[in-house]
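See below for the structure under consideration.
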Amino acid sequence: MNPKRHLITAALPYANGPVHIGHLAGCYLPADIYVRYLRAKGEDVLFICGSDEHGVPITIKAKKEGITPQQVVDKYHKMMGDAFDEFGVSFDIYSRTSKPVHHKTASDFFRNLYDKGVFTEEVTEQYYDEKAKTFLADRYITGTCPKCGNENAYGDQCEKCGSTLSPTELINPRSTLSGEKPVLRSTKNWFLPLDKMQPGIEAYIESHKDWKTNVYGQCKSWLTQGLQPRAMTRDLDWGVKVPVDGAEGKVLYVWFDAPIGYISATKDYFEQKDDHTSSLAKATADKSAQWELWWKNKDTRLIHFIGKDNIVFHCIIFPAMLMAHGDFIVADNVPANEFLNLEGDKISTSRNWAVWLHEYLVTFKDKQDVLRYVLCSNAPEAKDNDFTWKDFQAKNNNELVAILGNFVNRTLVLTHKYYEGKVPQADEYTKGDILLLEEIGKFPARIAASLDAFRFREALAELMNLARAGNKYLAENEPWKLAATDEKRVRTVMNISLQITANLALLMEPFLPFTAKKLSDMLNLGGFKWTHAGRSDLLHAGHKINPPALLFDKIEDPAIEEQILKLHQSKIMNEIQNQVMSPAKDETSFEEFSKMDIRVGTILEAERVPKTDKLLKLKIDTGLDQRTVVSGIAGFYKPEDIIGQRVSILVNLAPRKIKGIESQGMILMAENANGELAFVLPSKEISNGGMIK
RNA sequence: UGCGGGGUGGAGCAGUUGGUAGCUCGUUGGGCUCAUAACCCAAAGGUCAUCGGUUCGAGUCCGGUCCCCGCUACCA
């Protein structure tokens with residue numbers, strides 16, 4: 001394929017929170033580097049993104065904060081757009097799915113598939129919250145797990161025992177929105193019959209064995225398991241209305257409408273662009289022809305940059321939708337990244353365990369490129385990676401400052417010292433010079449090869465190697481020593497060093513756009529692009545350069561300690577704030593309660609139950625007898641540490657076989673906000689068998 | 001449970017179609033002083049998670065086990 005144009009999309013970020021470093025590292029930064037590289041080569045590129053503003057979580061956030069969903073998305077749309085802008089993520093457009101153009105595009109798309117008879121209709125029974133007047137997604141129903149008795153199992157899964165559930169299996173279901181007991185109501189929804197479309201999708205995936213192993217592997221996994229029909233509509237009032245009779249109160253599933261957002265953002269771009277072009281262009285421009293060129297022409301290469309959580313939607317469901325429609329091209333590649341962790345823990349918006357882009361710039365003003373550098377050099381390309389502030393500091397001080405910034409600085413300082421800022425004329429090249437110049441000539445192609453293969457870390461490392469070569473060249477030739485003895489040689493060495501500096505300015509642009517601009521300005525390097533890189537005559541003799549300013553500053557310990565402290569504080573705040581109270585249980589009677597026989601006991605023996613994560617097999621002295629109890633506390637207590645531990649035990653619970661072991665009773669545990677368990681004990685010494693009542 | 005990805009010197013990572021391990025940072029020693037105590041050179045440091053198999057030869061292929069991450073379909 002020799003594409004005439006490249007349509008690059010970055011995942012539409014969900015508008016229920018600001019953007020953090022994980023988003024940047026996984027998706028937006030690689031996308032931006034790739035786009036800047038293509039543009040620098042002079043390719044025809046369109047870089048599309050926007051806010052994803054529909055779906056249940058936004059309506060819930062709105063309810064919690066007592067504002068409208070539109071107010072929620074307005075707030076985050078602005079925050080996210082500003083953050084991307086500040087970090088130099090160079091979208092051609094940052095649109096949003098609440099725009100009319102998107103509603104129309106998504107609606108038309110659905111209608112097109114509907115008219116073709118693509119969808120199947122199914123009436124199912126769903127839980128409905130009468131108080132909140134809404135149908136409930138599985139995740140928003142909790143109840144008692146039928147398998148392990150956990151009272152806070154979700155409608156889709158019990159996190160205690162890990163079993164997959166459907167909401168109707170839950171005992172005592174409750175709505176997390178109102179705490180009320182939901183009722184079953186039948187509702188009709190439209191399904192995309194992915195099962196029937198599997199052969200087409202399979203052929204598509206099979207024709208892309210060149211995709212990253214994590215992406216290809218995940219797709220294969222889904223196909224092997226067999227695709228199932230998936231509902232493309234939801235009972236909800238926030239989103240794109242389903243454009244079909246009898247679909248009142250229903251909207252398109254966000255995963256149906258979000259990827260269409262790429263298409264509507266493209267339309268949006270051309271509509272906005274027309275406003276700024278001349279009236280002649282306006283008169284002649286055929287808007288639909290413009291956007292269709294990017295979405296319906298086989299000469300367009302479509303690339304989706306996403307995080308690994310989105311693989312199935314971009315590699316299977318969206319292509320299936322596009323194929324069903326028939327007019328559109330499908331993605332040529334989906335270079336999904338894995339996840340970035342923060343200081344050893346998963347990044348989490350709700351737990352405020354994140355480095356937020358808008359906050360970063362407050363502390364590290366004008367250091368966008370430092371974060372871009374660190375996130376790119378440590379990007380989770382093949383596996384999850386960890387971001388630590390110490391590593392951030394080390395990469396800034398030891399690599400950006402010491403290698404790149406320092407090489408540029410010493411070259412420019414010497415140039416001003418010896419030649420008053422004018423590029424000296426090179427004299428005769430030595431053998432070593434010629435070898436080095438040949439080497440420099442190879443860098444653009446080498447970096448390009450890495451970028452073409454979506455190996456951004458490797459590409460960035462190559463860029464740094466050029467700066468290393470520069471430092472080495474200076475150290476080996478020591479112009480500061482020769483200055484007194486060999487004026488010709490010094491001119492040559494300095495000329496070559498300056499050519500390296502100019503090459504760095506061109507080659508760093510995709511990765512470090514702010515620094516590239518600074519350096520280009522210092523060198524008065526006008527008019528050159530990526531395609532000129534590798535040359536050794538970018539700066540002519542006599543060319544005047546400006547006085548040097550440092551490209552990067554050292555980051556001292558206090559700044560880093562402040563960040564680490566901030567994270568630890570948010571961890572503590574979380575524990576306090578996130579303590580979600582389970583709703584009070586239904587009233588019970590004294591008679592009911594009196595049936596429980598709870599006693600004080602002591603653990604005599606403890607061992608792990610093989611092949612389980614959480615279970616311990618305990619032998620308990622209850623005062624009445626010694627009995628075996630299986631308890632799910634292995635995540636919090638080691639067997640050897642709890643021998644002799646006093647406990648409270650429910651002794652008349654019906655025995656139950658767990659992993660083949662008969663458990664005769666239940667240990668009472670108290671749980672904190674993090675789900676950690678602790679033994680419940682009498683506050684003074686009570687002997688085994690003592691009643692708890 | 002099933003599936004996908006990963007487990008390589010102190011840390012972070014490369015290792016193409018199998019030929020006994022490379023890079024960056026850190027550490028140690030030396031050189032240099034133009035430069036933000038930065039730069040350059042050298043050295044130390046690995047039974048490539050583990051067990052078994054195929055092979056003349058395996059980090060690389062096959063099988064078992066353990067650990068981490070993700071997905072498991074109505075969480076965006």
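Below, chains carry the letters A, B, ... as their sequence lines are ordered, and counting in each starts from 1. Note that these values count all heavy atoms, side chains included, but never hydrogens, waters or copies made by symmetry.
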Side-chain polar contacts of residues 397-407 of chain A - donor-acceptor pairs under 3.5 angstrom, sequence neighbours left out - could you list them?
{"from": "A:N397", "atom 1": "OD1", "to": "A:I555", "atom 2": "N", "distance (Å)": "2.9"}
{"from": "A:N397", "atom 1": "ND2", "to": "A:I555", "atom 2": "O", "distance (Å)": "3.0"}
{"from": "A:N398", "atom 1": "ND2", "to": "A:A394", "atom 2": "O", "distance (Å)": "3.2"}
{"from": "A:E399", "atom 1": "OE1", "to": "A:Y373", "atom 2": "OH", "distance (Å)": "2.6"}

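- When each of A:D391 and A:A469 is assigned the nucleotide of RNA chain B bearing its nearest heavy atom, the one mapping closer to the 5' terminus is A:D391.
- Side chain to side chain, A:Q126 and A:T187 fail the donor-acceptor criterion of an N or O pair below 3.5 Å.
- Nucleotides B:A11 and B:U54, compared at atom P, are 34 Å apart to the nearest Å.
- As rounded to whole Å, 15 Å separates atom C1' of B:A11 from atom CZ of A:F387.
- For A:F313 and A:F256, the ring centers are positioned 6.0 Å apart or more.
- Between the P atom of B:A73 and the CZ atom of A:F318 lies a distance of 23 Å, rounded to the nearest Å.
- A:Y76 is linked by a side-chain contact (heavy atoms from CB on, under 4.5 Å) to A:A15, A:P18, A:K61, A:V72, A:M79, counting only residues two or more places apart in sequence or in another chain.
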Polar pairs (N or O, both sides) under 3.5 Å between protein and nucleotides 3-7 of chain B?
{"from": "B:C3", "atom 1": "O2'", "to": "A:S221", "atom 2": "OG", "distance (Å)": "2.3"}
{"from": "B:G4", "atom 1": "O2'", "to": "A:Q218", "atom 2": "N", "distance (Å)": "3.4"}
{"from": "B:G5", "atom 1": "O2'", "to": "A:A382", "atom 2": "O", "distance (Å)": "3.4"}

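- With C1' as the reference atom, B:U16 and B:U72 are 33 Å apart, rounded to whole Å.
- Nucleotides B:U17 and B:G9 place their C1' atoms 28 Å apart, quoted to the nearest Å.
- On the P atoms, B:U50 is 11 Å away from B:U60, given to the nearest whole Å.
- Residue A:N310 holds its CG atom at 12.0 Å from CZ of A:F318, rounded to the nearest 0.5 Å.
- Rounded to whole Å, atom P of B:C23 lies 17 Å from atom NZ of A:K395.
- Two rings, from A:F456 and A:F511, have their centers 6.0 Å or more apart.
- Annotation: B:A43 and B:U33 have their P atoms spaced 23 Å apart (nearest Å).
- The interatomic distance linking A:L194 (CG) with B:C74 (C1') rounds to 14 Å, in whole Å.
- The salt bridge (Lys or Arg N to Asp or Glu O under 4.0 Å) analysis of residues 212-227 of chain A, with sequence neighbours excluded, yields the pairs A:E206-A:K220.
- Among the atoms of the strands shown, none is found under 4.0 Å from any heavy atom of A:V312.
- For the ring pair (Phe, Tyr, Trp, His ring centres under 6.0 Å) test, residues two or more places apart in sequence or in another chain that qualify with A:Y262 are A:H304, A:H314.
- When heavy atoms are screened at a 4.0 angstrom cut-off, A:G226 is found touching base atoms of the nucleic acid.
- Between A:K390 atom NZ and B:G10 atom C1' there is a gap of 14 Å when expressed in whole angstrom units.
- Comparing B:U20 with B:G6, their C1' atoms are spaced 24 Å from each other, to the whole Å.
- In RNA chain B, runs of at least 3 stacked Watson-Crick or G-U pairs (N1-N3 plus N6-O4 or O6-N4, or N1-O2 plus O6-N3, all under 3.5 Å) give these stems: B:2-7 with B:66-71, B:10-13 with B:22-25, B:27-31 with B:39-43, B:49-53 with B:61-65.
- At whole-Å resolution of the value, CZ in A:F339 and C1' in B:C69 are 9 Å apart.
- Rounded to an integer number of Å, the gap from A:H314 NE2 to B:C71 P is 16 Å.
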Which letter, B, S or -, goes with each nucleotide of nucleotides 24-37 of chain B from 5' to 3', with contact meaning a protein heavy atom under 4.0 Å? SSS-----SSBBB-

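- To the nearest angstrom, P of B:C23 lies 18 Å from CG of A:L460.
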Identify each donor-acceptor pair in which a side-chain atom of residues 476-485 of chain A lies under 3.5 Å from a protein atom, sequence neighbours left out, and give them as a table.
{"from": "A:N477", "atom 1": "OD1", "to": "A:R489", "atom 2": "NH2", "distance (Å)": "3.0"}
{"from": "A:N477", "atom 1": "ND2", "to": "A:Y473", "atom 2": "O", "distance (Å)": "2.9"}
{"from": "A:T485", "atom 1": "OG1", "to": "A:L482", "atom 2": "O", "distance (Å)": "3.3"}

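- With both ends at atom C1', the span from B:C51 to B:G59 equals 16 Å, rounded to whole Å.
- Under the salt bridge (Lys or Arg N to Asp or Glu O under 4.0 Å) criterion, A:R230 pairs with no residue, sequence neighbours left out.
- Among residues two or more places apart in sequence or in another chain, the side-chain hydrogen bond (donor to acceptor under 3.5 Å, both in side chains) test is passed with A:D384 by A:K308.
- Looking at residues two or more places apart in sequence or on another chain, you find no side-chain contact (heavy atoms from CB on, under 4.5 Å) involving A:Q228.
- Comparing the P positions of B:C61 and B:G4 gives an interatomic distance of 15 Å, to the nearest angstrom.
- A:F84 meets the ring pair (Phe, Tyr, Trp, His ring centres under 6.0 Å) test with A:Y28, A:F91, A:Y94; sequence neighbours excluded.
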